[in-house]
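Read the structure below first, then the notes.
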Number of protein chains: 2
Amino acid sequence: MRHLAVVAALVGALPALADEGMWTYNNFPSAAVKSKYGFEPTPQWLDKVRLSSARLAGGCSASFVSANGLVMTNHHCTRGCIEQLSTAQKDYIANGFYAKTLADEIQCPAMEINQLAEITDVTDRLNTATQGRTGKEYSDTLKAEMSKIEKECATSDQVRCDVVTLYQGGKYNLYKYRRFQDVRLVFAPEHAIAFFGGDPDNFEFPRYDLDVSFVRVYQDGKSAPQNHYFKWSKSGVKEGDLTFISGHPGRTSRGLTIAELEYHRDVVLPKTLMFMSEMRGMITEFQKRGPEQKRISNNMLFGVENGVKAQKGRHEALLDKAFFAQKVAAEQELRQKVNASPELKQKYGAAWDEIAKAQEQLKNIRKDYTFIEKNAGFSSQMYSLAMALVRGAEELPKENGQRLREFADSNLPALKAQLFSPAPIYPELEIARLEFSLTKLREELGSDHPFVKKVLGKESPLTLATRVVNGSQLRDVKVRQQLFEGGKKAITESKDPMIALARLVEPDARAIRKNYDENIDSVIRKNSELVAKAKFDVYGTNVYPDATFSLRLSYGSVKGYTEDGKKVAPVTVMGGTFDRHTGEDPFALPKTWLDAKNKIKANTPMNFASTNDIIGGNSGSPVINKDAEIVGLVFDGNIQSLGGEFGFDESVNRAVSVHSEAISESLKTVYGATRLLEELRPTKAPTVKSPPAG
Amino acid sequence: MRHLAVVAALVGALPALADEGMWTYNNFPSAAVKSKYGFEPTPQWLDKVRLSSARLAGGCSASFVSANGLVMTNHHCTRGCIEQLSTAQKDYIANGFYAKTLADEIQCPAMEINQLAEITDVTDRLNTATQGRTGKEYSDTLKAEMSKIEKECATSDQVRCDVVTLYQGGKYNLYKYRRFQDVRLVFAPEHAIAFFGGDPDNFEFPRYDLDVSFVRVYQDGKSAPQNHYFKWSKSGVKEGDLTFISGHPGRTSRGLTIAELEYHRDVVLPKTLMFMSEMRGMITEFQKRGPEQKRISNNMLFGVENGVKAQKGRHEALLDKAFFAQKVAAEQELRQKVNASPELKQKYGAAWDEIAKAQEQLKNIRKDYTFIEKNAGFSSQMYSLAMALVRGAEELPKENGQRLREFADSNLPALKAQLFSPAPIYPELEIARLEFSLTKLREELGSDHPFVKKVLGKESPLTLATRVVNGSQLRDVKVRQQLFEGGKKAITESKDPMIALARLVEPDARAIRKNYDENIDSVIRKNSELVAKAKFDVYGTNVYPDATFSLRLSYGSVKGYTEDGKKVAPVTVMGGTFDRHTGEDPFALPKTWLDAKNKIKANTPMNFASTNDIIGGNSGSPVINKDAEIVGLVFDGNIQSLGGEFGFDESVNRAVSVHSEAISESLKTVYGATRLLEELRPTKAPTVKSPPAG
């Protein structure tokens with residue numbers, strides 16, 4: 001079903017008739033939108049929308065919604081913060097949060113918000129630098145030049161600069177962001193309504209969630225004023241209305257070669273799904289240890305369950321024989337066209353086989369790479385901190401361009417934010433996670449693997465995990481600061497057992513990373529760039545690149561679809577939320593909602609589905625109308641949209657959003673959040689209302 | 001690597017040069033064994049070996065090893081019994097068990113042992129009965145005729161008769177067993193040595209396990225004398241020696257069509273692996289609730305972990321592109337040969353497409369069938385009992401031939417053994433399992449599925465599971481007996497909540513079963529029979545059928561292999577066991593072993609690998625030499641053997657066994673099990689030894 005659309009977009013300079021595409025702001029198909037919907041976004045319109053959009057560095061999207069730095073995103077995007085601010089006594093996840101005054105807003109321990117200020121094309125500069133180079137030399141040069149560009153751009157801690165690799169290396173753009181690191185929580189509803197229906201309803205539609213939260217960006221201790229922000233629509237949207245979504249889709253893999261897709265289908269996804277499923281079972285049962293254990297592991301469980309469902313959808317898409325056959329046909333067509341021209345053949349002809357060979361090599365080191373270097377064997381926040389400190393001591397004294405990418409100067413603010421976050425770390429959960437992942441390390445690599453023997457020695461995973469977690473001081477931010485500032489000497493002399501574990505792992509991890517970077521990643525990057533350029537040469541550049549967690553704009557309309565032969569209407573109403581209430585988690589509404597039931601207009605729109613092309617990372621994106629007003633808030637896609645990783649099918653792929661009216665109605669009627677509502681929809685004369693309930 | 005051998009066997013009347021094959025006793029390739037190994041089993045030899053072999057009805061193999069009814073099998077095959085006999089105070093899993101006298105032997109609550117007395121070919125009778133029939137009529141007739149044959153054969157409770165479908169229906173044989181239902185535990189070592197290395201070492205080699213246990217069959221309260229049993233070899237085996245394995249491989253799928261293999265690869269195995277992995281995580285963490293919870297869930301965890309590893313191996317085999325391509329080529333060759341002959345084409349030509357169509361239909365009902373009818377949504381012993389009672393009340397009043405197969409007269413003793421087993425049932429584990437599976441039911445079918453709504457109503461999975469488990473009286477055998485004897489009326493009037501749940505599910509489950517039996521299973525059976533007959537017509541009958549948990553004989557020799565470029569020697573020694581001891585579970589030896597360390601001859605063989613073709617179900621099989629003496633005890637296969645589900649590769653597939661010398665040496669030196677040892681290896685004059693330590 002989804003097949004035709006994707007092939008057209010992949011191979012074609014054909015006009016994109018479907019609402020497909022996660023378009024960059026510097027290549028937006030305004031003419032196509034006009035021809036289909038009668039509205040043509042101007043450059044000024046695009047600038048305004050871009051500057052009103054925001055990114056949560058942790059992996060979500062957001063938008064500015066007032067002149068006073070108010071930011072709207074999903075509840076599930078600020079959930080980490082809400083959990084970190086909660087204690088067993090003050091549980092904001094369970095009870096929600098509302099700052100009645102500006103002074104009541106509380107700082108999130110580890111949140112960063114970015115606003116995309118400028119896009120510059122740096123393709124030529126990077127191509128010139130890497131010209132004629134291959135292998136290690138190619139990737140070293142590319143990395144060094146990227147770091148150089150980013151450093152030149154990042155003139156202060158309030159600026160973040162990322163060179164974004166688009167079209168698998170067909171283009172490189174420099175994205176310059178304004179960075180906000182003081183972010184404070186303003187409003188969050190109860191988890192029970194934010195994630196009403198829980199995992200069973202996740203990625204499903206019809207839907208009834210109030211997955212919203214508000215935060216505010218601060219600078220120098222004061223709310224940071226904004227020239228650009230989205231106004232609140234007076235009426236929201238209805239079926240058939242044109243919708244734009246501006247956000248940060250995290251990753252798609254629509255441009256991958258068949259060899260890469262097969263590797264995903266036959267190796268990565270089955271292994272990941274098993275690993276995550278087992279972890280899911282473990283955490284679900286861990287929650288039964290007690291209410292406090294439930295509270296501290298909720299966010300992690302949500303992440304794992306969400307991930308399982310998303311990966312399962314991707315896997316099923318790749319297992320769809322007809323879908324895969326079309327992917328194969330598209331690649332064959334492109335390769336035939338390349339091979340038909342001696343010039344193209346000479347430039348690009350070998351690229352696919354080179355990628356396939358690198359994939360074969362990757363298979364051989366996959367386990368070591370995943371479990372030792374990518375930390376699948378050491379699932380622990382404290383271990384990640386320890387490894388960042390150990391590696392940082394080694395990397396930071398080097399020349400900027402010589403460092404591993406994550407230690408480049410442009411990444412330092414993010415690294416420091418991670419290292420010095422005061423977010424609480426829970427030893428009991430740390431031990432459970434670390435024991436689990438060490439057990440998987442031993443299982444996947446085998447008890448007789450030299451690395452496994454070196455790490456475990458005579459200890460069991462539980463003994464080791466308990467010793468290094470309980471013996472470590474790394475939960476203390478000050479200790480981390482001392483180790484960071486003390487550099488190599490402090491790290492070498494540290495008796496902290498978690499640091500010692502990271503020190504033990506580091507040489508093995510580094511050797512695997514080096515092999516991966518030099519012999520696999522660089523080959524895939526180089527040849528993917530060639531495949532992308534072959535596509536440009538054969539089909540033109542009127543295409544969108546795969547998602548890269550950089551700002552994109554998609555267009556579409558509010559529209560239902562057909563599932564199992566039945567029509568699914570595109571808009572649900574608030575009354576339906578109460579019909580779905582059973583009283584048992586995850587279908588138990590919070591008391592505030594039950595109390596407000598009779599005051600809520602039952603036919604107020606709750607959630608809606610639209611044809612916009614989105615993917616994970618778009619969570620928290622504003623849905624806007626042609627007047628750039630907020631009409632909704634993306635929080636999910638339907639189950640069919642999960643295959644969007646590999647291709648888009650307009651007939652069933654749907655973005656799922658909270659309707660703007662559901663947000664304002666609940667702020668008013670359920671939560672009495674007068675101050676917030678007034679900021680979102682200013683009225684001429686200030687009104688006096690009853691005190692807030694939240 | 002494994003590909004050539006399997007294709008040869010699948011398609012070929014070529015002599016089986018490799019040690020491949022799980023041969024039936026009435027079609028054993030004695031001549032091939034002679035030409036390769038110089039020894040030709042005679043019909044008398046085969047009869048003796050057959051009658052000395054045994055089956056545990058629960059899913060393992062075994063052997064008679066004394067004239068007095070002593071039976072040897074694996075520890076992991078009697079583990080359920082050992083756990084059932086244990087309490088928090090007397091933990092035989094942890095501490096082992098040894099009956100110093102005959103009177104100390106304890107009856108296993110739910111164990112049945114079968115001895116294959118006779119094989120009769122009933123193919124013609126069944127073919128005559130089903131001649132010209134298709135669909136529901138075909139499967140009803142087949143089922144009715146099978147039940148009739150079995151009933152005619154099963155003249156008492158001490159006889160069990162199964163019509164075994166061989167070659168996917170190419171042949172039907174009636175297997176008549178002598179049945180023993182009074183089985184008592186004689187000896188079991190500590191779990192720590194029986195399963196030394198635990199899950200990390202499971203399906204690995206080199207290996208160091210004493211996975212052995214002894215039970216005894218009783219009749220009328222006395223040990224049941226045996227005319228046929230295996231004697232103990234004086235010296236065991238060494239590298240290169242010829243070995244036979246007589247046992248009950250559970251299932252292989254080497255004869256499946258490509259459509260069926262694809263369904264396994266792309267649907268069944270990925271889904272099963274996710275389900276089981278999550279359950280594994282859940283039970284692993286459940287064990288942390290406390291020592292008693294650990295004890296009562298150990299057996300279940302072992303089953304799940306073992307299953308995960310086995311299924312993972314199968315999945316990887318099917319994902320091997322070269323392997324799968326050869327399967328495809330073999331099917332194409334057969335179909336071409338069939339289509340080349342007008343007569344064969346007319347008889348068999350459509351069979352493959354008919355199976356493929358049925359597989360497509362199965363995809364559509366898979367979730368309902370698996371979760372509602374096959375109980376994946378109701379993982380609970382008490383639920384299984386309730387459903388057997390509810391269905392039994394419906395089925396048993398019917399004519400024998402009209403009943404669902406599992407309620408046929410021939411199955412009644414097994415049904416009653418299950419229903420009235422005094423094995424303990426643990427409510428806490430029942431609730432955890434049932435909550436888990438109800439959650440998966442809701443997840444897979446969706447919260448809005450009418451069946452899910454009907455079952456859950458306003459309850460959460462936990463609320464429902466807790467209510468039906470805690471409110472049920474079914475843990476009491478007497479209550480089950482009353483309900484069974486009370487028939488339909490007792491079931492209808494029962495207020496037991498677990499019975500009520502089964503009553504609620506039954507009509508839906510029955511409807512799905514009917515659809516499956518009539519429109520899918522019967523089509524696949526009928527057409528698989530045609531494919532099998534096509535193979536006979538094209539390639540002859542000198543082939544072995546897929547495994548069906550019926551007695552088979554395989555031959556081979558003690559032989560190492562090469563893994564990751566390194567030679568793996570085929571025999572480990574007892575000294576190596578001590579080298580592998582770390583002191584931490586699962587690498588912690590029990591105290592008895594540590595105490596005996598200096599008395600054990602370090603170079604005594606411990607475990608060995610041989611080229612025999614085996615699969616799950618062969619656990620507990622005797623390994624014998626040409627003199628039909630015990631030289632070992634199968635307990636595992638190496639990781640490469642897991643692909644044996646779909647094909648055999650002699651270069652790396654290995655059966656893994658405990659060496660007979662390791663068993664006798666540890667009985668003597670570690671456990672002082674004089675009485676048992678004397679029974680296994682009678683000496684002329686009785687000797688007096690120090691009292692047993694175990």
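Within every chain, numbering begins at 1; the chains are lettered A, B, ... in the order of the sequence lines, protein sequences first and strands thereafter.
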Can you find a side-chain donor-acceptor pair between Gln293(B) and Gln287(B) that sits under 3.5 Å? no
Please classify the contact of Lys440(A) with chain B as side chain, backbone, both or neither, using a heavy-atom distance under 4.5 Å. side chain
Sort Glu204(A) into side chain, backbone, both or neither according to what part of it lies under 4.5 angstrom from a heavy atom of chain B. neither
With no hydrogens and no angle check, do the side chains of Glu563(A) and Gln640(A) hold a donor and an acceptor under 3.5 Å apart? yes
With sequence neighbours excluded, tell me which residues meet salt bridge (Lys or Arg N to Asp or Glu O under 4.0 Å) with Lys294(B). none
Check step by step if side chain to side chain contact (heavy atoms under 4.5 Å, CB included) holds for Leu434(B) and Ile431(B). CA-CA 5 Å; Leu434(B) 188 54; Ile431(B) 292 171; 5.9 Å; no
Contact winner vs chain B - Glu443(A), Arg280(A), Arg442(A), His315(A), heavy-atom pairs under 4.5 Å: Arg280(A)
What class does the angle between the rings of Tyr561(A) and Phe205(A) fall in, given that below 30° is parallel, 30 to 60° is tilted and above 60° is perpendicular? tilted
Side chains of Thr562(A) and Lys566(A): closer than 4.5 Å at any heavy-atom pair? no
What option among Arg580(B), Met282(B), Lys288(B), Met276(B) has the most heavy-atom pairs under 4.5 Å with chain A? Met282(B)
If only atom types and distance count, is the side chain of Ser437(B) paired as donor or acceptor with the main-chain N or O of Ser379(B) below 3.5 Å? yes
Scored by heavy-atom pairs under 4.5 Å with chain B, the best of Glu285(A), Arg289(A), Glu262(A) is Glu285(A)
Are Asp209(B) and Asn607(B) linked by a side-chain donor-acceptor pair shorter than 3.5 Å? no
Name, in order of residue number, those residues of residues 459-466 of chain B that have a heavy atom at a distance of less than 4.5 Å from a heavy atom in chain A; otherwise write 'none'. Glu459(B), Ser460(B), Leu462(B), Thr463(B)
Which atoms of Asp199(A) approach chain B - backbone, side chain, both or neither, heavy atom under 4.5 Å: side chain
Pick one of side chain, backbone, both or neither for Phe587(B), based on which atoms fall under 4.5 Å of a heavy atom in chain A. side chain
Please step through side chain to side chain contact (heavy atoms under 4.5 Å, CB included) for the pair Arg366(B) and Glu444(B), ending with a clear verdict. CA-CA 10 Å; Arg366(B) 181 191 66 81; Glu444(B) 288 291 325; 4.2 Å; yes
So what's closer than 4.5 Å to chain B heavy atoms on Met279(A): side chain, backbone, both or neither? neither
Students often mix this up, so state it plainly: with edges at 30° and 60°, are the rings of Phe275(B) and Phe371(B) parallel, tilted or perpendicular? perpendicular
Do the side chain of Asn638(A) and the main chain of Phe203(A) share a donor and acceptor less than 3.5 angstrom apart? no
Donor-acceptor pair, side chain of Lys327(B) and main chain of Phe646(B), under 3.5 angstrom: yes
If you count heavy-atom pairs within less than 4.5 Å of chain A, which of Val308(B), Asp448(B), Asp201(B), Ile283(B) leads? Asp448(B)
Glu260(A) side chain to Thr257(A) backbone, donor-acceptor under 3.5 Å: yes
Check whether His581(A) gets within reach of chain B through its side chain, its backbone, both or neither, counting any heavy atom under 4.5 Å. backbone
May I ask you to name which of Leu273(B), Asp585(B), Asn202(B), Thr284(B) has the most heavy-atom pairs under 4.5 Å with chain A? Leu273(B)
Name, in order of residue number, those residues of residues 263-272 of chain B that have a heavy atom at a distance of less than 4.5 Å from a heavy atom in chain A; otherwise write 'none'. Asp266(B), Pro270(B), Lys271(B)
Residues which pass side-chain hydrogen bond (donor to acceptor under 3.5 Å, both in side chains) with Ser641(B), listed by chain and number, not counting sequence neighbours: none
Would you kindly say whether His449(B) and Asp368(B) are connected by a side-chain donor-acceptor distance under 3.5 Å? yes
